[in-house]
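Everything numeric here is computed off the predicted structure, so don't read it as measured data.
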Amino acid sequence: MSTTDATADPLAALGALPGVAESVESMRKAVDRVYGHRVMRRRSNELTAEAALRGARGSAALSGADWALEEVRRRTDFSGDAEARTMGAALRLSAEAGQLLSIWRQSPLRVLARLHLVAAASNEGEVGRPRQQGEPVDESLVELPLPSAAEVSGRLDGLADLIIAGGSAPALVTAAVVHGELLALRPFTSHNGLVARTAERIVLIGSGLDPKSVCPAEVGHAELGRAAYLGALDGYVSGTPEGMAAWIAHCGKAVELGARESTAVCEALQRGAA
């Protein structure tokens with residue numbers, strides 16, 4: 001996304017694209033259904049924990065570790081093969097997201113660096129900072145042309161400026177732009193998809209749309225599938241109004257599906273079956 005648009009609030013301008021308001025409204029109704037459920041009044045902490053687990057599983061699935069939920073519950077060691085390490089990274093990020101809300105609006109780049117550090121679980125020199133020119137990127141899911149390190153730096157600064165400035169854009173629009181921009185840039189040498197989806201979650205929580213983090217968009221992204229995910233991302237990268245609106249709608253549908261999943265968990269808890 002270009003952050004040098006003539007509009008004073010480019011995120012708000014995206015919110016005015018055809019179809020975006022409908023996506024926002026549909027998503028909000030799905031979120032409201034979860035928050036209106038009687039289980040939320042008594043057992044919201046359980047639902048938050050379950051949503052974190054399911055969100056991590058969904059995000060890892062998109063990054064190549066498509067495990068059954070019960071397998072994620074059962075495992076205690078995530079240090080083995082590449083899939084196990086990916087799942088471990090997703091779980092760590094899910095746990096970390098809620099700890100960074102107070103920092104996000106003041107220093108989003110610091111949060112992104114922290115997320116990469118948590119995901120990588122390493123002290124190597126390339127961890128926790130944007131990649132430098134010539135450094136390879138391990139991100140097999142996204143095969144779009146890789147922006148230069150200079151472009152990454154400029155666009156990250158622009159994204160941070162938009163977040164710090166705030167504005168009137170719906171939370172869904174901001175979350176979708178943060179998610180899409182990080183996938184397009186792949187600013188780190190690894191774990192960019194996991195970091196992008198965690199950043200999306202942080203925006204949705206911090207905006208007040210999903211303050212208890214019970215509507216995991218990662219679940220919806222995984223359910224919609226890789227092909228739809230990458231197709232919508234192509235729309236974002238195109239920069240066209242239609243492409244941007246399609247990406248925002250895709251992210252809205254993912255939140256809806258995450259909310260639907262948590263509504264089902266509420267029903268199971270109410271019946272005593274979970």
### Message
In the structure I gave you, are the side-chain heavy atoms of Val142 and Leu233 within less than 4.5 Å of one another anywhere?
### Response
yes
### Task
Verify salt bridge (charged side-chain N to carboxylate O under 4.0 Å, His left out) between Arg54 and Glu50, making sure each step is shown before the conclusion.
CA-CA 6 Å; Arg54 292 176 185 234; Glu50 185 66 18; 2.6 Å; yes
## Note on the structure
CG (Leu62) and CG (Leu194) are apart, to the nearest 0.5 Å, by 9.0 Å
#### Entry: Same cluster (ILVMFWY, side-chain, under 4.5 Å), Leu53 and Val265
no
### Glu139 side chain vs Gly193 backbone, donor-acceptor pair below 3.5 Å
yes
### Query
If you measure from the Lys or Arg side-chain nitrogens to the Asp or Glu carboxylate oxygens, is any gap between Arg57 and Asp66 under 4.0 Å?
yes
### Query
Does Leu209 belong to the same Ile/Leu/Val/Met/Phe/Trp/Tyr cluster as Tyr35, with side-chain heavy atoms less than 4.5 Å apart forming each link?
yes
### Query
When you check the gap from the basic side-chain N to the acidic O, do Glu256 and Arg260 get nearer than 4.0 Å?
no
### Task
Give the minimum heavy-atom separation between Val24 and Pro170, together with the two atoms involved.
CG2-CB, 4.0 Å
### Worked verdict on Phe188 versus Val127 for side chain to side chain contact (heavy atoms under 4.5 Å, CB included)
CA-CA 8 Å; Phe188 302 109; Val127 171; over 6 Å; no
### Message
I'd like to know if the side chain of Ser59 and the backbone of Gly55 have a donor-acceptor N/O pair within less than 3.5 Å.
### Response
no
### Query
Using 4.0 Å as the upper bound for N to carboxylate O, is an ion pair formed by Glu267 and Arg38?
no
### Task
State which residue, out of His191, Glu83, Arg226, Arg197, fulfils the side-chain hydrogen bond (donor to acceptor under 3.5 Å, both in side chains) condition with Ser63.
Arg197
### Query
Where the side chain of Tyr236 meets the backbone of Ala184, is there a donor-acceptor pair that is under 3.5 Å apart?
no
### Message
Using every non-hydrogen atom in the two residues, find where Leu182 and Leu156 come nearest and quote the distance to one decimal.
### Response
CD2-CD2, 4.0 Å
### Query
Do side-chain atoms of Trp247 reach the backbone of Ala176 as a donor and acceptor pair under 3.5 angstrom?
yes
### Query
Taking it one step at a time, do Asn192 and His116 satisfy side chain to side chain contact (heavy atoms under 4.5 Å, CB included)?
CA-CA 8 Å; Asn192 290 288; His116 186 239; 5.9 Å; no
### Task
Using a 4.5 Å cut-off on heavy atoms from C-beta on, say whether the side chain of Leu14 contacts that of Val20.
no
#### Entry: Residue pair Leu159 / Leu185, side-chain heavy-atom distance below 4.5 Å
no
### Task
Decide if atom CD of Glu143 counts as having more than 12 heavy atoms of other residues, nucleotides or ligands within a radius under 6.0 Å.
no
### Query
Distance from Ser262 atom OG to Arg33 atom CZ, nearest 0.5 Å?
12.5 Å
#### Entry: Asp234 side chain reached by Tyr229 side chain, heavy atoms, under 4.5 Å
no
### Message
Looking at Gly235, is its backbone amide N or carbonyl O close enough to the side chain of Ser238 to form a donor-acceptor pair, meaning the two atoms are under 3.5 Å apart?
### Response
yes
### Message
Looking at Arg28, I'd like to know if its CZ atom is crowded, meaning that more than 12 non-hydrogen atoms belonging to other residues, nucleotides or ligands lie closer than 6.0 Å.
### Response
no
## Note on the structure
What one should report as the nearest heavy-atom pair of Arg41 and Gly36 is NH1-O, 4.2 Å
### Query
When you check the gap from the basic side-chain N to the acidic O, do Glu223 and Lys253 get nearer than 4.0 Å?
no
### Query
Once you round to the nearest 0.5 Å, how far does NE2 of His179 lie from CD1 of Ile248?
13.0 Å
### Query
Do NZ/NE/NH1/NH2 and the carboxylate oxygens of Arg155 and Glu181 come within less than 4.0 Å?
yes
### Message
Can a donor-acceptor pair be found, under 3.5 Å and without considering hydrogens, that links the side chain of Arg85 to the backbone of Gly80?
### Response
yes
### Task
Taking atom types as modelled, find out whether Ser148 and Gln133 have a side-chain donor-acceptor pair closer than 3.5 angstrom.
no
### Query
Nearest 0.5 Å, what's the OG1-CZ distance between Thr198 and Arg114?
12.5 Å
### Task
Output yes when a side-chain donor or acceptor of Glu218 lies under 3.5 Å from a complementary backbone atom of Gly58, and no otherwise.
no
### Task
Hey, could you give me the CG/CG distance between Leu204 and Asp210, rounded to the nearest 0.5 Å?
6.5 Å
### Query
Donor-acceptor pair, Glu25 side chain versus Glu22 backbone, under 3.5 Å?
no
### Query
Please walk me through it: do Asp138 and Thr189 pass side chain to side chain contact (heavy atoms under 4.5 Å, CB included)?
CA-CA 6 Å; Asp138 180 10; Thr189 57; over 6 Å; no
### Query
Hey, does the side chain of Arg186 reach the backbone of Leu144 with a donor-acceptor pair shorter than 3.5 angstrom?
yes
### Query
Crowded around Arg110 CZ? As in, over 12 foreign heavy atoms under 6.0 Å?
no
### Message
Is there a path of hydrophobic side-chain contacts, each under 4.5 Å between heavy atoms of I/L/V/M/F/W/Y residues, joining Val219 to Val255?
### Response
no
### Query
Are Leu117 and Val137 in one and the same hydrophobic cluster, where Ile, Leu, Val, Met, Phe, Trp and Tyr link if side-chain heavy atoms are under 4.5 Å apart?
no
### Task
Mind checking the CD1-CH2 spacing from Ile163 to Trp104? Nearest 0.5 Å is all I need.
4.0 Å
### Message
Are Cys215 and Val34 packed together at the side-chain level, in the sense that at least one heavy-atom pair is separated by less than 4.5 angstrom?
### Response
yes
### Message
Please check this pair: side chain of Thr48 against backbone of Ser44, looking for a donor-acceptor N/O pair closer than 3.5 Å.
### Response
yes
#### Entry: Ile164 to Arg105 - nearest heavy-atom pair and separation
CG1-O, 3.4 Å
### Message
Are Val118 and Val72 linked, directly or through intermediate hydrophobic residues, by side-chain heavy-atom contacts shorter than 4.5 Å (ILVMFWY only)?
### Response
no
### Message
Please determine whether side chain to side chain contact (heavy atoms under 4.5 Å, CB included) holds for the pair Leu115 and Leu100, giving the CA-CA distance in whole Å, both sets of side-chain angles, and the decisive distance to 0.1 Å.
### Response
CA-CA 9 Å; Leu115 291 177; Leu100 299 171; 3.6 Å; yes
### Least distance between heavy atoms, Ala169 atom then Asp9 atom
N-OD2, 4.3 Å
#### Entry: Heavy-atom check, side chain of Cys251 versus side chain of His221, under 4.5 Å
yes
### Message
So which atom in Gly220 and which in Leu257 form the shortest heavy-atom distance, rounded to 0.1 Å?
### Response
CA-CB, 3.6 Å
### Task
State whether Arg75 and Glu71 are salt-bridged, where the test is any N-O pair (Lys NZ or Arg NE/NH1/NH2 against Asp/Glu carboxylate O) under 4.0 Å.
yes
### Task
Determine whether Leu109 and Leu112 make a side-chain contact, defined as any pair of heavy atoms from C-beta on separated by less than 4.5 Å.
yes
#### Entry: Pairwise side-chain contact, Val39 with Leu47, heavy-atom cut-off 4.5 Å (strictly under)
no
